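What follows is a short report on a single structure.
In this text the structure is predicted, and so the values were computed from the model without any measurement.
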Amino acid sequence: MQIKAQNLGFTYGEGTPFEKKAVSGIDVDIPPGSRIAVVGHTGSGKSTLVQHLNGLLVPTEGTLTVGETTIRPGMKQKVLHHLRRTVGMVFQYPEHQLFEETVEKDIAFAPNNFGAGEKETAERVRRAAEAVGLDESLLSRSPFELSGGQMRRVAIAGVLAGHPDVLILDEPAAGLDPKGRRAMMEMFSRWQQEQPFRSYILVTHHMEDAAKYADYLYVMNAGSIVMEGTPAEVFQSPARLKEARLDVPAAVRILTEIDGSGSFSLNTYEADETADEIARILRGGGPL
Amino acid sequence: MAEETAVQVNNVTYRYAEGAPSVLSGLSLKVEQNEWVAITGHNGSGKSTLARLINGLLLPEHGDILVQGLNSASEDDKVHIRRKVGMVFQNPDNQIVAPTVQDDVAFGLENTGVDPQTMEKRVAWAIKAAGLAGLEHAEPHNLSGGQKQRVAIAGILALKPDILVLDEATSMLDPLGKKEVMSLAGRLHKEENVTVISITHDLEEVLRADRMIVMNQGVVTADGKPDDVFREKEILDRAGLEQPFSVRLREELARREVVIPENAVSEKAMVSALCRLKHKT
Ligand SMILES: Nc1ncnc2c1ncn2[C@@H]1O[C@H](COP(=O)(O)OP(=O)(O)OP(=O)(O)O)[C@@H](O)[C@H]1O
Ligand SMILES: Nc1ncnc2c1ncn2[C@@H]1O[C@H](COP(=O)(O)OP(=O)(O)OP(=O)(O)O)[C@@H](O)[C@H]1O
Ligand SMILES: [Mg+2]
Ligand SMILES: [Mg+2]
């Protein structure tokens, strides 16, 4: 599904004394099959922007096209309900999307609601729980009586079980233990690759995850997109990232210090690859 | 007066409901006054439960918890414990109580007997320290995820607790914001002898601590200096942990015969060491 925003803007409480312009002049163009990351400082407008993509917020300026649907200011949220089916949203705080009595019912909500049969639903719940590393013993528990990381996993499983075409992931790994974070990000990556039309849009403060799990980055600052490009392109301008209160990943920072000319190339941004590059530079350069 | 142990957990067992499996099983640990301890471990290992036991929100089934010698099971002591232990919860929504940022940060101070002038000063200081200047009159529920987390932090800072418990308090902050909160905690630790217990999945944050405790299924499986514990790959793996990037990089470099001196620990020191190596070749 193609996603295209043109000059999109959003003001909270428009026309009230408390109105607050959160994003403005946003242009994005996301073809099907994309892995996108949105990065930016606290309060820069990331969550506001991505909540437009499944119709949760309606722009107050500009237009947004999601697949066949064009959304303009003043449109009723109700007519956009169908988008929730194709665009799945993992909220920044999992507590905001858990509501059922048991973990199992919570994960089953979307498939049930979208008319999957009983058997199909049960199968989807099982598969989603497994994908997010949720122990079966937790299925009968209340989703509110779990640890923070367990709630996060339930919320993600619930979205996966709805079989969306596009996943909006707002800090999906926050609160996961380090191995869980890695496993979850790898799972999203595999999910995306299973179908050529699947996309995800990842909001993250982890520059390493943005570098590794996205092919294209949007950098936000104070409600606007101030930089965009492949991770390598964006990381070539550390000074501009600093202006946006951000930094490059540790691997890039270290390599840039050692080799000012920036003649290094990173793919995974992991320690082994970084060590290879450092060793190569210390040997006096040599072929990439 | 002799320095009292900040927190003493003696053989504590806890379960959330009768018949439910125990979440902590015979857990013992001591945190001395003015220590900085990081607690890590897999999701569901019992870290937040331990934090809630330390500030008396939960009571142990067996064993006891002493905070500066005060027993959390004693009704009389509990009030005092709440004043000594300032806890920033994992989910800031649970901590928001007032309609404006300013009132929210002041709320906890209201019943502590602090005079209005001091209170005003403290609130202003905490708001600024937590990076919320300009948002004093905003409604906490209408803030971004990271801004809410800052409100929760400010509310606890204003209380000036002796013992600061941070339960993943910076998980939604941008990297710079994280650094700011950590250096603020560092200043309180150094200048005002605050004891810091930081529960976190952020491995770089763990490296800042004097001591690191690894929890696994309700028990402690490692307890020591971060540098030492981060060498125990088996223990880390079983507890859902990894080595921090800097530690992995050092090992990967050593494997390629690029040796960085042991005492070059920070990123800056590592980079200087590497630059010296470069100029030698
Ligand atoms: N419901 C709301 N009502 C009014 N203002 C809001 C509301 N939600 C967010 N804002 C404001 O809009 C701006 C953008 O917020 P948003 O949540 O999009 O930021 P973010 O980039 O997701 O930040 P974070 O990294 O902290 O999650 C912030 O200044 C915030 O205070
Ligand atoms: N309110 C509750 N009622 C019942 N069980 C609970 C409750 N809160 C947590 N648990 C269970 O207790 C165990 C420990 O949870 P705790 O929240 O202490 O873990 P944690 O180490 O903080 O995990 P995380 O890293 O995910 O925050 C988990 O198995 C969890 O499911
Ligand atoms: Mg957000
Ligand atoms: Mg927890």
I'd like to know if A:Arg182 pairs up with B:Glu242 as an ion pair, taking the criterion as any Lys NZ or Arg NE/NH1/NH2 lying under 4.0 Å from an Asp or Glu carboxylate oxygen.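 Salt bridge present between A:Arg182 and B:Glu242.
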In plain terms, say whether B:Glu168 and A:Arg152 are close enough for a salt bridge, that is, a side-chain N and a carboxylate O under 4.0 Å apart. no
Just so I know, are the side chains of A:Thr42 and B:Gln147 near enough to count as touching, which here means a heavy-atom distance under 4.5 Å?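 SC-SC contact between A:Thr42 and B:Gln147 confirmed.
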Under 4.5 Å between any side-chain heavy atoms of A:Asp272 and B:Arg256, yes or no?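 Yes, their side chains come closer than 4.5 Å.
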Which heavy-atom pair separates [X] from [Y] by the least distance, and what is that distance?
X: B:Phe245; Y: A:Tyr269; result: CE1-O, 3.8 Å
X: B:Asn43; Y: A:Ser147; result: C-OG, 4.1 Å
X: A:Ala275; Y: B:Glu252; result: CB-CB, 3.5 Å
X: B:Lys278; Y: A:Ile258; result: NZ-O, 2.9 Å

Flag if over 12 foreign heavy atoms under 6.0 Å of CD, A:Glu101: no
Tell me, for B:Leu274 versus chain A, whether the close heavy atoms (under 4.5 Å) come from the side chain, the backbone, both or neither.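 It is both, since atoms from each part get that close.
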What part of B:Lys47 gets within 4.5 angstrom of chain A, counting heavy atoms only: side chain, backbone, both, or neither?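 Neither; nothing under 4.5 Å.
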CA sep, side-chain torsions, deciding dist, call: B:Arg248, A:Glu270, salt bridge (Lys or Arg N to Asp or Glu O under 4.0 Å): CA-CA 9 Å; B:Arg248 277 186 287 143; A:Glu270 295 281 358; 2.8 Å; yes
Segment of A:Glu95 engaging chain B (4.5 angstrom heavy-atom cut-off):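 The side chain, not the backbone.
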Apply side-chain contact (heavy atoms from CB on, under 4.5 Å) to residues A:Arg245 and B:Asp174 and explain how you reach the verdict. CA-CA 8 Å; A:Arg245 273 181 59 96; B:Asp174 55 53; 3.6 Å; yes
Which is it for A:Arg253 and B:Glu267 under the salt bridge (Lys or Arg N to Asp or Glu O under 4.0 Å) test, yes or no, and what are the steps along the way? CA-CA 9 Å; A:Arg253 212 162 43 226; B:Glu267 186 178 303; 2.7 Å; yes
